[in-house]
Amino acid sequence: MHQYIDGGLADGTGDEGLSVLDPATGRVIASSVHAGPADVDRAVAAARAALPGWAGATPGERSTLMHKLAAILDGRSAQLARLETSQTGKPIRLTTNFDVPGTVDNVAFFAGAARHLEGKAQAEYSGLHASSIRREPIGVVGSIAPWNYPLQMAAWKILPAIAAGNTIVLKPAEITPLTALAFAEACTEAGIPNGVVNVVTGLGRVAGEALIGHPDVDMVSFTGSTPVGKRIAEIAAQTVKRVHLELGGKAPFVVFDDADLEAAIHGAVAGSLINTGQDCTAATRAYVHRSRFDEFVEGVAELFAAVKLGDPNDPATDLGPLSSVRQRDSVAAFVERARGYGAKIVVGGEFPAELRGTEFENGAYYRPTLVTGVSQDSEIVQQELFGPALVALPFDSDDEAVRLANDTPFGLAASAWTKDLVRAHRASRDIKAGCVWINDHIPIISEMPHGGYKQSGYGKDMSAYSLEEYTQVKHVMHDITGLARKDWHRTVFDA
């Protein structure tokens, strides 16, 4: 495994080796050398050299090449799904039906959006001048993608950047670099010029910091935890770079007393366990009206207990391992601390016993876990856990439900479950989150934006709003009367 710089594979020059593990078994599936600062320099230089040509290409030319990219990726769907499963432990059913098709759809969307980047229409405001708006690329983008959706997040970073005429250097998470490298190779195969898309694989504290602080990087985009996002903003501020941050989440799942409870129970299971709970929009806090609380807990516990864990390559597997043993242990520690301060673990809270003595006994598995009996200010309610665990708490009034939903530092996503249209509108208005689903939880589409409020960051992924994030606005003003120089200058200077 290598870096991908200026249209080809390159060895890394870092001091440390990189081993990519299959989290289902703990076995090494790839190895290489981390990128060092010299690799980042080469990648940024390649992106800088490619910028004039790519920025100067017509929208139609960029769009045509991106459509070719979509076709190449679509033709490799099965291969990409297997590769993503091998490095993340995601069930093959998820990578086949969600991760890869979602990525291809994103490419197709931005291929079209590349031809529809518009400024404000020309208009006259002073009476002497015509004004228009140009949207221009920012330049070289340095992006850091997380390990929970390596292929999709690589696409979310790369596509709007290059559709708008920028060039990019992407650093994927060091534990899941394989599909980002495959994506970059497909870009070159599609005819996207060398240097437009570059990938450096390495540690955040080495390659990541070198990329964020690089003087020739004009914009930084990061998806990951809020503490790391704060650090990135600090580094980027030293050179006043544009910053795009999609950070942590602690999504509330609000079930009102009139909700279709069976639908809500199934929604809570799917919404909390997707990607083994490693999703910043995953349902993590279920607030359920007290009159329906016991029935909700009983229903979720029953479905949690029936979830099948095992071989990610088996289409019958519902839930794979977490991305690493380290992440599994972090989740387990959250649950054990909650147990220590009086929480009730209704179901789960352990390694699945049926996997002991199998090839998966060293995998990063953790059984779906339902927690009750905690207070709103407890750690497991307030902090991002990022694993297959759901906390359920009761409420008594609509006002209390909304207050509890908003009572964390995060605001990425939320859902509200009700048959009452007025109540649904109120919830969507009053819950402070970048996305509020009504009677569903977790669906996303390329045409609509993804991004948060509060400490969940700022800026949007996907959609035309994302494309705009990767542009800068220029005002152009023309004298249209021939009198502007005389009249305007006389007004200002009395000349």
Side-chain angles (χ1 to χ4, degrees), residues 249-274 277 279-307 343-344 346-348 368-378 380-382 385 388-408 410-445 448-450 452-454 456:
K250 194 70 179 173
F253 185 100
V254 181
V255 182
F256 292 101
D257 57 1
D258 67 331
D260 179 335
L261 197 62
E262 182 179 2
I265 289 169
H266 283 270
V269 172
S272 64
L273 298 186
I274 186 170
D279 189 306
C280 48
T281 61
T284 59
R285 299 177 289 140
Y287 297 106
V288 185
H289 192 272
R290 196 174 299 275
S291 66
R292 316 296 298 277
F293 184 77
D294 290 344
E295 187 179 354
F296 176 87
V297 169
E298 181 181 345
V300 170
E302 182 179 350
L303 292 181
F304 269 17
V307 167
K344 178 182 179 182
V346 180
V347 65
T369 301
L370 178 60
V371 180
T372 62
V374 295
S375 62
Q376 175 66 17
D377 62 356
S378 62
I380 202 167
V381 174
Q382 291 292 320
L385 183 145
L390 175 66
V391 181
L393 300 92
F395 68 85
D396 293 301
S397 70
D398 287 13
D399 287 344
E400 183 186 15
V402 170
R403 178 180 62 78
L404 293 172
N406 288 331
D407 183 29
T408 73
F410 304 104
L412 188 56
S415 65
W417 297 73
T418 177
K419 297 176 183 176
D420 186 307
L421 185 60
V422 173
R423 183 179 260 165
H425 278 303
R426 186 202 167 188
S428 65
R429 180 196 68 188
D430 292 348
I431 295 176
K432 304 305 179 187
C435 175
V436 179
W437 294 290
I438 303 298
N439 295 328
D440 205 343
H441 195 106
I442 220 73
I444 56 173
I445 51 174
M448 288 290 108
H450 175 85
Y453 286 19
K454 302 189 289 186
S456 289

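As a basis for the values below, the full set of heavy atoms in this structure was taken, side chains included, without hydrogen atoms, waters or symmetry mates.
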- Any chance you could measure Arg290, atom CZ, to Leu393, atom CG, to the nearest 0.5 Å? 10.0 Å
- Query: With sequence neighbours excluded, what pairs up with Thr408 under the side-chain contact (heavy atoms from CB on, under 4.5 Å) test?
  - Reply: Lys250, Arg285, Gln382, Phe410
- Task: Please report the shortest heavy-atom distance between Ala283 and Ser272, naming the atom on each side.
- Result: O-CB, 3.1 Å
- Spacing of Gln376 atom CD and Tyr287 atom OH [to the nearest 0.5 Å]: 3.5 Å
- Task: State which residues pass ring-ring contact (aromatic ring centres under 6.0 Å, His included) with Phe395; sequence neighbours excluded, sorted by chain then number.
- Result: Phe256, His289
- Note on the structure: Interatomic distance, CD1@Ile431 vs CG@Asn406, rounded to 0.5 Å, equals 6.5 Å
- Message: So, taking the atom named CG in Leu370 and the one named CZ in Phe296, what distance separates them when rounded to the nearest 0.5 Å?
- Response: 7.5 Å
- salt bridge (charged side-chain N to carboxylate O under 4.0 Å, His left out): pairs with one or both residues in residues 292-302, sequence neighbours excluded: none
- Using the test salt bridge (Lys or Arg N to Asp or Glu O under 4.0 Å), find all partners of Asp407 that sit at least two apart in sequence or belong to another chain. none
- Item | Closest approach of Val300 to Ile265 (non-hydrogen atoms, all atoms of both residues) | N-CG2, 3.7 Å
- Task: Could you pull out all residues at least two apart from Phe253 that satisfy ring-ring contact (aromatic ring centres under 6.0 Å, His included)?
- Result: Trp417, His441
- Query: Does the side chain of Ile438 come within less than 4.5 Å of Val436's, by heavy atoms?
  - Reply: yes
- Query: Step by step, would you call Ile380 with Val371 a side chain to side chain contact (heavy atoms under 4.5 Å, CB included)?
  - Reply: CA-CA 9 Å; Ile380 202 167; Val371 180; 4.2 Å; yes
- Task: Mind checking the OG1-CG spacing from Thr284 to Leu385? Nearest 0.5 Å is all I need.
- Result: 8.5 Å
- Query: What is the minimum heavy-atom distance between Gly411 and Ser456, and which atoms define it?
  - Reply: N-OG, 2.9 Å
- Closest non-hydrogen atoms of Ala268 and Leu390, given as atom of the first, atom of the second and distance, are CB-CD2, 4.2 Å
- Message: Any heavy-atom pair between the side chains of His450 and Leu412 that's under 4.5 Å?
- Response: yes
- Item | Side chains of Phe304 and Val346 in contact at under 4.5 Å (non-hydrogen atoms) | no
- Task: Determine the minimum heavy-atom distance between Val254 and Ala401, stating which atoms define it.
- Result: CG1-CB, 3.9 Å
- salt bridge (charged side-chain N to carboxylate O under 4.0 Å, His left out) pairs, two or more places apart, involving residues 414-439: Asp257-Arg423, Asp258-Arg423, Asp398-Arg423, Asp399-Arg426, Arg426-Asp430
- State whether the side chain of Asn439 and the backbone N or O of Thr418 hold a donor-acceptor pair below 3.5 Å, judged by distance alone. yes
- Task: Please report the closest heavy-atom contact between Ala251 and Ala282, naming both atoms and the distance.
- Result: CB-O, 3.2 Å
